[in-house]
Amino acid sequence: MIQNPEEAVSLVEVVRFYADRIGNELAYMYLVDGEDQEAPLTFSELDRQARAFAATLQQHTKPGDRALLLYPSGLEFIVAFFGCLYAGVVAVPTIVPHLKRATPRFRAMLSDADAVVACTQMELFDKLKQLFDEYPEFHDLKWVVNEKLEAGVESQWQEVENKADDLAFFQYTSGSTSTPKGVMITHFNLIETVRDLQRGSAFDDKSAVASWLPIFHDLGLIFGLLMPVYLGRTSYFMAPIAFLERPYRWLKAISKYKATHSAAPNFAYDLCVQKVTNEEKETLDLGGLKIIGNAAEPVRFETMQMFSDAFKSCGFDFNLFAPAYGLAEATVKVSGRLYGQKISYCLLDSDALAKHKLVFLSEEGPKSYVSVGCGWSSINADIRIVNAQTRELCAKDEVGEIWVSSTSVAQGYWKRPEETEKTFQAYIASSNEGPFMRTGDLGFIYNDQIHITGRIKDMVIIQGRNFYPQDIELTMEKCHDALRPSFGAAFAVEANQVDHLVVVQEVKREYRKSNDFEGIANAIRMAVAKNHGLRVQAVVLIMPSTIQKTTSGKIQRNATRESFLKGNLEVLYEWRAPGIFS
Amino acid sequence: MEEIEIKEKLKKFICTEIMNDADYPLKFDEPLITSGLIDSFSLAQVGVFVEIEFQIYIPDPELTVDNMNTIDAMAARIKEKMG
């Protein structure tokens, strides 16, 4: 047995270590209703149940086989995930398919992963069985259900020696619906990422995490559930729906359990500002936080300021925010603001930025853009800014693609050698340094921090100028009170060999019967023209809660574009420039 | 709509919304873009204003500096589109 988690090559050793030393302490506390109903799991119970689960898996699998994990949030998922690690089986966490019909995405994933086993809990299993007739591939799987494990089966567990470069789990990327890609994460990738998160955020033997993030999503799984285990500490977690129903519950959990660490995508902070009442604020003490991550979608300076102002009376401070950046291909994290560092930001000229040039401004103006620094790696990652076309390093005043080489970079995409080579085997042209993983994200390095400006594939290029869709979306949502912030998409649509800007935006529920949609659309057209020097050629206002987002809440611009082209949007009002779109 | 009315509306929009100088004595034949009074990106704003105000559409290839450099030139094009 290891003497120190720093020696471990896999999280199995870490759990075994703590089960032995501090077995009665709490590893997890699942907040069943997001509030008072608690389900605890100690380190020794985690170890015992993981062995039981692993022993059952070992009856049907050999090391290296894949097991799908279909779970709602809860302790059963955790036991299954560790059960896979204990059995040397590759865990494939997935979103639970819609219970009336298996989504194409889910079926594509199932077939891509070649899973031999699927794991779930009783309640869900009873519902999933209804899909068996329709989808024989479900029927053919061997199902392992937590509640059906044989009593005492843990004694049959055969210890597996996980090596550093053995596969631990797959993370399926959001990608396009039809071709989800499984990012292959090794045990060493996983534990190095846990170390990266732990060091960067100064998570220590007095810390605890509170999280509402989805368990099948990299940030929720690794930051929310696995990092605390590394130091023998507790993760207090709830289901995303508990948070979305009442955002107060998240902050209450931080307050009640004295969580020092948490994280969420930018939209969650907006939601808290909108939904948490003054009476609720009086019950919150956020002064125990050391760091709160803002990650998994573009980080907005304004949101962090608004949240800080709104929760100042609860002991919150702007400098608790840790803007961070990452992607599944780097397990989860590339960079984050280090504990103890101040938040760094700079003002850029947005016209120059459109040409991938950095021009720093000293004060805000109509064309200034606030860029927030997303910190750096805490595991000595080699991070470069590279011209995506020439594959040469960018100059200091240029925006380029972010390339990463580190111990957390995944092994590639499962069964996709060509795409793996393209993304994971990039070399700098003249020096031949590498291999680097191409993130597909654009950014720059300023004051030793990574700044993200957008994604290459999302870039809108019109009349030779580059636009970041999120900038246009921000302009749009701010121009009229009827528009729902963070629920708009800007993208280019080609017609007659020319790209045109199209925007799709949800209106707020209370405005869905507005009699002035035309005025709202006009406001959008005017605001975009004014701020970006660009005309919108189609504006579509849609019903609330109908824009396509990924499971982690990111706007799906490509999917929205497809819906626009196919006429599948839930349109409240539409304006199109005459003669452009057929 | 008379051409003079179109010109007055354009003048008011350009001075107040783009130049932020409502009292500027802008002449109808005064070059706007080539003189640097407004920059070429502002043409997008002029384009949207024209679309909304006069219910016509000027396609991108026509929304150019040489077509839109004076209020006179803009008004002539608008008048033509209004038919």
Side-chain angles (χ1 to χ4, degrees), chain A residues 349-355 365-368 460-467 471-472 475-476 479-480 490 492-503 516-539 573 575-581, chain B residues 1 6 8-22 24 26 31-71 73-75 77-83:
Chain A
D349 181 293
S350 56
D351 289 340
L353 198 58
K355 298 184 188 104
K367 298 227 166 109
S368 65
V460 175
I461 304 171
I462 288 174
Q463 293 160 9
R465 291 161 63 212
N466 302 305
F467 296 93
D471 293 351
I472 294 168
T475 295
M476 174 161 69
C479 80
H480 200 291
V493 171
E494 196 203 302
N496 302 320
Q497 282 98 53
V498 181
D499 275 345
H500 300 280
L501 176 65
V502 172
V503 296
D516 189 28
F517 286 136
E518 186 181 346
I520 298 169
N522 287 349
I524 292 175
R525 291 161 62 195
M526 202 47 110
V528 173
K530 182 172 181 176
N531 289 298
H532 306 282
L534 175 70
R535 280 196 299 177
V536 178
Q537 306 292 12
V539 178
Y573 174 85
W575 173 85
R576 294 183 181 210
I580 292 183
F581 307 101
Chain B
M1 196 180 295
I6 297 175
E8 288 297 342
K9 283 187 171 174
L10 284 168
K11 177 180 164 182
K12 187 172 173 223
F13 178 78
I14 291 167
C15 291
T16 51
E17 297 296 323
I18 301 181
M19 294 166 63
N20 290 320
D21 183 358
Y24 182 84
L26 182 63
L32 289 165
I33 302 154
T34 53
S35 67
L37 273 181
I38 69 173
D39 67 22
S40 61
F41 288 174
S42 306
L43 278 184
Q45 242 177 305
V46 173
V48 173
F49 173 73
V50 165
E51 286 161 31
I52 294 171
E53 186 69 32
F54 306 110
Q55 299 290 316
I56 57 153
Y57 180 74
I58 302 179
D60 273 337
E62 295 177 36
L63 197 69
T64 56
V65 176
D66 51 332
N67 282 340
M68 308 294 279
N69 200 28
T70 63
I71 288 182
M74 289 177 190
R77 192 154 295 266
I78 292 164
K79 192 82 189 152
E80 178 196 316
K81 297 266 177 202
M82 289 170 80

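Since this is a predicted model, take the numbers as computed values, not measurements. Here is the naming used below: chain letters follow the sequence lines, and residue numbers restart at 1 for every chain.
Residue Lys530(A) places its NZ atom among 12 or fewer non-hydrogen atoms of other residues, nucleotides or ligands, all under 6.0 Å distant. A 6.0 Å sphere centred on NZ of Lys81(B) holds more than 12 heavy atoms belonging to other residues, nucleotides or ligands. Environment of CD in Glu8(B): crowded, with over 12 heavy atoms of neighbouring residues, nucleotides or ligands closer than 6.0 Å.
Looking at Ile18(B), neither its backbone nor its side chain comes within 4.5 Å of chain A, counting heavy atoms on both sides.
Heavy-atom minimum distance, Ala44(B) versus Leu534(A): CB-N, 3.4 Å.
Taking CD of Glu17(B) as the start and CE of Met526(A) as the end, the distance is 7.0 Å to the nearest 0.5 Å. For the atom pair NZ (Lys367(A)) and CZ (Phe41(B)), the distance works out to 6.5 Å, reported to the nearest 0.5 Å. Residue Asp60(B) holds its CG atom at 5.0 Å from CD of Gln537(A), rounded to the nearest 0.5 Å.
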